[in-house]
Structures are given as structure tokens and as C-alpha cells.
Trainee: 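So that we are looking at the same thing, I have put the structure below in C-alpha cells.
The figures here come from the full heavy-atom set of this structure, side chains too, leaving out hydrogens, waters and symmetry mates.
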Amino acid sequence: MIHDSDRPNGGGYLLGLDSEMFRFTVHGYQRSKTNHCQCILVAYTFGHKDLQTCQVWVDRVTSFINMDDRRPKNILVFIHPLSGKGNGCRTWESVAPIFSRAKVKTKVTVTQRAGQAFDVMASIEDIELKSYDGVVSVGGDGFFNEILNGLLRSRHNAALPPAPEEIVHFVANTGTNEIEPEISNQDQDPLLQCSGSRLSSFRNGIEARSTGQNATLSFPNEHLRLGIIPAGSTDAIVICTTGTRDPITSALQIVLGKRVCLDIAQVVRWKTTTFSNDAPFVRYAASFAGYGFYGDVIKESENLRWMGPKRYDYAGTKVFLKHRSYEAEVSYVEVSEELEDPTSKNILDSGTRSFVSAEKPERVICRVNCRICSESAKTTQILTNGSSLTQYNNVRTSRWLQSKGRYLSIGAAIISNRNGRAPDGLVADAHLSDGFLHLILIKDCPRAFYLWHLTQLAKKGGNPLNFKFVEHHKTPAFTFTSCGDQSVWNLDGEVLQAHQLSAQVFRGLVSLFASGPEV
């Protein structure tokens with residue numbers, strides 16, 4: 001109730017002498033005028049002298065809100081207190097009132113050690129997990145990766161991609177070979193085949209873990225969504241899915257129940273070192289897997305977390321000055337040109353071109369209601385095991401190509417990976433849910449040319465792929481074998497030592513509380 005003063009300048013609302021009014025407040029948002037992707041909180045206050053009239057309005061508005069079944073009612077929240085500049089808890093405190101106003105129940109866990117979120121997600125019973133509408137991480141890309149792996153590793157059952165030695169080489173060309181896989185079991189899942197005795201026990205182990213907890217949760221999953229409130233060093237996933245690095249915007253998209261599908265890469269490490277005999281080790285990545293320069297930077301920065309986000313600048317400069325290249329062999333599934341989006345074709349292979357190509361391809365950027373992501377959904381095959389794959393993942397019709405040489409870096413971008421250091425990302429026209437990895441092979445070249453490539457990454461509107469020493473291939477799967485002793489990969493900002501690995505992408509495997517960047 002608002003009591004108005006009978007004094008002319010008594011404050012409050014000027015409603016007249018000796019008057020009173022009842023009020024209610026509706027909380028909402030509006031788009032920022034300077035950044036249309038960013039949402040700004042607003043509140044509208046309505047008043048009436050009759051209390052019953054106000055109550056009717058409140059009940060009616062509330063009933064409309066409750067009819068929106070997209071909105072979550074109960075979510076599980078994990079907070080990384082040391083993410084980024086150590087402001088994970090402060091970030092959550094700034095957005096927690098939004099969840100309270102939206103009447104979203106939250107069960108909050110502030111992690112006390114590395115791997116705690118993974119352990120909770122891996123051990124939680126599916127029945128309990130289904131009681132939540134979503135799982136939200138307050139932290140960076142690496143913390144989200146920890147939650148993602150805890151969720152999927154024991155619940156996502158799919159045939160593994162082939163190990164590098166399971167692919168038979170049969171045609172040699174100039175630096176590139178056409179290869180095709182061995183097929184020993186025609187009744188196997190119609191994915192990239194993986195056979196061998198060492199895999200049978202591994203798969204049995206996954207099945208035993210799933211059935212042991214009466215698994216009822218499969219992926220893709222229409223009910224359970226994941227969310228990220230940015231508090232990390234780069235927050236590339238949030239920028240790519242919301243268009244901005246703003247905790248308020250991310251919190252609003254969560255409580256409003258926005259949904260966007262996200263491709264997920266499954267990475268299988270077959271060997272840690274050259275002579276090791278490891279069991280296959282599965283990891284999942286949502287944004288990027290990188291080797292060489294990218295792996296060295298993440299390894300160098302691990303002991304510099306006290307520096308915060310600046311550790312990447314320091315580690316990157318140090319690794320760049322070393323200018324190390326590595327010999328490796330990469331095989332990947334070829335995508336036919338008529339089915340590949342024309343804006344992503346590789347125009348850099350001609351040996352007659354200079355270091356920079358004059359041709360600049362048109363870019364189709366992933367946005368809200370993206371046409372490419374929507375069209376790719378029509379061609380998606382939903383297999384009996386619940387895994388979502390693109391049409392190119394059938395081993396019997398896939399043709400493999402091979403590239404071998406010395407590389408400064410090898411990267412597989414699942415999304416564009418926009419961030420503060422690369423405003424357009426590693427691949428500007430990569431999409432959230434098109435069923436492809438963007439394989440980027442940076443061949444050994446003079447330091448000055450590699451610096452040119454890096455400056456194009458850091459430039460808005462740059463073209464970092466438009467160099468002769470850069471190969472760019474869209475593919476649903478690839479394999480990797482190092483020819484040296486050291487081999488460190490960067491998976492969503494986390495270190496993975498792998499001498500030999502394979503990766504495949506699953507289209508739209510998880511759903512995020514997001515809608516994609518606004519135009």
C-alpha cells in the first residue's frame with residue numbers, strides 16, 4: 001500500500017489529497033541500445049486504489065506465466081569460486097534475485113576441490129536428476145566441461161570412432177591420402193566402426209555403469225537443459241550462445257526457459273604416450289580441441305592460475321616465441337562439396353597461390369533461428385541408442401582423407417569460439433548445431449607468417465584461414481597420431497595428454513538455456 005502525502009512536495013506519487021493506492025511490480029527486461037544481445041533488467045509498477053483489482057491483475061499475469069512450460073521450476077547450480085578472477089560466488093549473488101523473482105528453486109553447490117562437480121554429476125541417480133529442469137554452472141568453459149563430462153560419460157552410449165590404426169591406407173597422393181576403414185562386422189552400429197578386443201571390455205564397463213544405476217536418462221534429452229552463467233577467463237561458449245558475456249543476460253535466458261541445441265564432440269584417447277597400452281579414455285568437449293600451440297599454451301598456463309585471465313597472454317607469448325612445430329598424422333572424413341555449405345569450402349590448397357589468398361569467402365554467421373542449424377536438423381538421423389548423428393557418420397559410405405607433416409597447431413572447433421581475444425572466433429561461420437567439426441591444420445611456417453595468422457584472429461572481420469599454410473576442413477570425425485614423444489591437447493580449456501586419439505561430433509546432443517546471438 002502507498003500512502004500519499006497531502007503536502008505538495010511530500011514525495012511519493014502525486015495521487016491527490018488523502019489518497020492511498022495498492023501496487024504490484026512486474027519484473028522484465030529490455031535490450032541494450034548499444035549491444036542488442038545484452039538484456040537489461042527493468043521493473044514496471046502498477047497501482048490501483050482497489051486491492052481486489054490489483055489481486056485480479058496479479059493472478060492473471062501469474063497464470064499466464066505458469067502456462068509457459070518452457071520455464072524451469074527447479075535447477076541444480078554449481079559454483080566455481082575461483083573461476084576467472086575468483087568472482088564465482090559474487091557473480092551468483094548478483095543474479096540469484098532473478099531466480100527468486102521468477103520462483104525458480106535452486107539447489108546450490110559451491111565446489112571445494114577440482115573434480116567435485118564431475119563426481120556429483122557422475123554419481124547422482126538418474127531419478128534425482130530428472131527432478132531438475134536443468135543444471136547450471138557458474139564459472140568458465142573448463143568448469144562447464146567438467147559438468148558436461150560428469151553428465152555424459154556414464155549416460156551417453158554410442159559406438160566409438162575408429163582408432164587410427166583401424167583405418168587402412170590404400171591410395172597415396174601428394175601429401176594427402178584417400179583412406180577407407182576396415183569393416184569386420186556389418187551388424188555394428190552405423191557409426192564410424194571401432195572393433196578390437198580392448199574395446200569390448202570398455203563398452204561393457206560403460207553399459208554396466210549405466211544399468212547399475214537403473215539409467216533412465218538418455219541424450220539428446222528434451223527435458224534436461226544445461227546453463228552457464230559466465231564467470232571465467234574467456235567464456236567462449238556463453239558468447240557463442242547468447243552473443244554477450246553478461247551474467248544478467250544468461251540468468252534471464254535460463255529463467256525464461258530459452259533453448260538451443262549444441263553439438264558435442266566425443267574425444268577418445270587411445271594412447272597417452274608412444275609405448276603405453278592404455279584402455280580407451282573418453283572425454284567430451286563443447287567448444288574446442290587443440291594441439292600444438294593451443295596445447296602448449298594451456299599446459300604453460302596451468303601453473304599460472306593466480307594471474308587470472310592474463311595468464312593466457314603471458315603463456316601465449318612465451319609459447320609463440322618458442323615457435324615449436326610437431327610432426328603428426330591426421331585422418332578425417334571427407335564431406336562432399338555439393339552437401340557442404342559453400343561458404344566453408346577450403347580455398348587455400350592451391351600451390352600456385354601466395355601466402356594470402358585474394359579471395360575472401362562469404363560468411364553465414366550463426367544467429368537466433370539459424371537457417372543452417374535448422375536445415376541440418378531435417379537430415380539428422382536419430383539412432384536407436386538415442387544418439388544424434390549427421391548423415392556423414394555412416395562408416396560404409398564415408399571416404400577418409402589423410403594429412404601428414406609438421407604442424408604448429410591442430411585445432412577442431414565445434415563452435416566459432418568467439419571471445420575477447422578473437423572477436424570473430426577461430427571459425428567465424430561455425431554453427432552451434434550443424435553436425436560438423438572445423439578441423440584447422442596450421443602447417444610449419446616462418447614465425448612472421450604465424451604471427452600474421454594470429455593477428456587476423458585478433459582482428460574483427462579478419463580472415464585467419466586465408467593462408468596457404470592453413471588447411472580448413474569441415475568433417476564429422478577425425479583421428480590423430482603424434483610422431484613425437486610429447487603430445488598435449490587442450491579440451492575446452494582443460495589439459496589432456498594424448499599420443500593417439502579420435503574424435504567425432506554428435507549433432508544437438510545437449511540443450512542449453514540460450515537462444516543464440518541476436519542479429
Trainee: Would you say CG of Asp68 has more than 12 non-hydrogen atoms from neighbouring residues, nucleotides or ligands within 6.0 angstrom?
Mentor: yes
Trainee: Locate the shortest heavy-atom distance separating Ala117 from Phe143; write the atom from each residue and the value.
Mentor: CB-CE1, 3.8 Å
Trainee: Taking the six-membered ring for Trp, are Phe478 and His473 ring centroids under 6.0 Å apart?
Mentor: no
Trainee: Roughly how far, to the nearest 0.5 Å, is CZ of Phe78 from CD of Gln116?
Mentor: 8.0 Å
Trainee: Side chains of Asp141 and Asn145: donor-acceptor distance under 3.5 Å anywhere?
Mentor: no
Trainee: Under the rule for ring-ring contact (aromatic ring centres under 6.0 Å, His included), what residues qualify as partners of Phe288, not counting sequence neighbours?
Mentor: Tyr294
Trainee: Heavy atoms, side chains only, cut-off 4.5 Å: are Tyr312 and Ile298 in contact?
Mentor: yes
Trainee: Is there side-chain contact between Thr273 and Gln497, with heavy atoms separated by less than 4.5 Å?
Mentor: yes
Trainee: Got a second to check how far Arg71's CZ is from Lys103's NZ, nearest 0.5 Å?
Mentor: 10.5 Å
Trainee: Distance alone, cut at 3.5 Å: any donor-acceptor contact between the side chains of Ser276 and Asp278?
Mentor: yes
Trainee: Decide yes or no for Leu432 and Cys370: does some side-chain heavy atom of the first lie under 4.5 Å from some side-chain heavy atom of the second?
Mentor: no
Trainee: Say whether, by atom type as modelled, one donor and one acceptor occur between the side chain of Gln504 and the main chain of Ala159 under 3.5 angstrom.
Mentor: yes
Trainee: Should Leu151 and Leu224 count as side-chain neighbours, where that means a heavy-atom distance under 4.5 Å?
Mentor: yes
Trainee: I'd like to know if the side chain of Gln112 reaches the main chain of Val110, judged simply by a donor and an acceptor atom lying under 3.5 Å from each other, with no hydrogens or angles considered.
Mentor: yes
Trainee: Rounded at 0.5 Å granularity, tell me how far CD in Glu165 sits from OG1 in Thr481.
Mentor: 7.5 Å
Trainee: Would you call the rings of His472 and His438 parallel, tilted or perpendicular, taking 30° and 60° as the class edges?
Mentor: parallel
Trainee: Can you check whether Pro476 reaches Val335 side chain to side chain, under 4.5 Å on heavy atoms?
Mentor: yes
Trainee: Give every donor-acceptor pair under 3.5 Å between a side-chain atom in residues 409-420 and any protein atom, sequence neighbours left out.
Mentor:
residue : atom : partner : partner atom : Å
Ser416  : OG   : Arg418  : NH1          : 2.9
Asn417  : ND2  : Ser287  : O            : 3.0
Asn417  : ND2  : Ile415  : O            : 2.8
Arg418  : NH2  : Ala428  : O            : 3.2
Asn419  : OD1  : Arg421  : N            : 2.8
Asn419  : OD1  : Ala422  : N            : 3.1
Asn419  : ND2  : Asn417  : O            : 3.0

Trainee: Quick one: does any side-chain atom of Ser502 pair with a main-chain N or O of Thr479 as donor and acceptor, under 3.5 Å?
Mentor: no
Trainee: Rounded to the nearest 0.5 Å, what separation is found between the CG atom of Leu152 and the CG atom of Leu148?
Mentor: 4.5 Å
Trainee: Taking Glu334 for the side chain and Arg399 for the main chain, is one N or O donor matched with an acceptor at less than 3.5 Å?
Mentor: no
Trainee: Under a 4.5 Å cut-off applied to non-hydrogen side-chain atoms, are Ile264 and His156 in contact?
Mentor: no
Trainee: Please check if the side chain of Arg259 supplies one atom and the backbone of Glu222 the other of a donor-acceptor pair under 3.5 Å.
Mentor: yes
Trainee: Quick one: pull up CG in Leu439 and CZ in Phe480 and give me the separation to the nearest 0.5 Å.
Mentor: 11.0 Å
Trainee: To the closest 0.5 Å, what do you measure between CD (Glu329) and OH (Tyr407)?
Mentor: 9.0 Å
Trainee: Considering all heavy atoms of both residues, which atom of Cys261 and which atom of Ser433 are nearest to each other, and what is their separation?
Mentor: O-CB, 3.5 Å
Trainee: Do Leu496 and Phe281 make a side-chain contact, defined as non-hydrogen atoms from C-beta onward lying under 4.5 Å apart?
Mentor: yes
Trainee: Does Lys73, at its NZ atom, have more than 12 non-hydrogen atoms belonging to other residues, nucleotides or ligands within less than 6.0 Å?
Mentor: yes
Trainee: Using a strict cut-off of less than 4.0 Å between a Lys/Arg side-chain nitrogen and an Asp/Glu carboxylate oxygen, indicate whether Glu128 and Lys107 qualify as a salt bridge.
Mentor: yes
Trainee: For Thr244, is there any backbone N or O sitting under 3.5 Å from a side-chain donor or acceptor partner on Thr242?
Mentor: yes
Trainee: Going by heavy atoms in the side chains, are Ser250 and Pro230 under 4.5 Å from each other?
Mentor: yes
Trainee: Between Arg269 (side chain only) and Arg283 (backbone N and O only), is there a donor and an acceptor less than 3.5 Å apart?
Mentor: no
Trainee: Any donor-acceptor pair under 3.5 Å linking the side chain of Thr475 with the backbone of Ala477?
Mentor: yes
Trainee: Do Asp246 side-chain atoms and Thr249 backbone N/O form a donor-acceptor pair below 3.5 Å?
Mentor: yes
Trainee: Without swapping roles, check the side chain of His223 against the backbone of Tyr132 for a donor-acceptor pair under 3.5 Å.
Mentor: yes
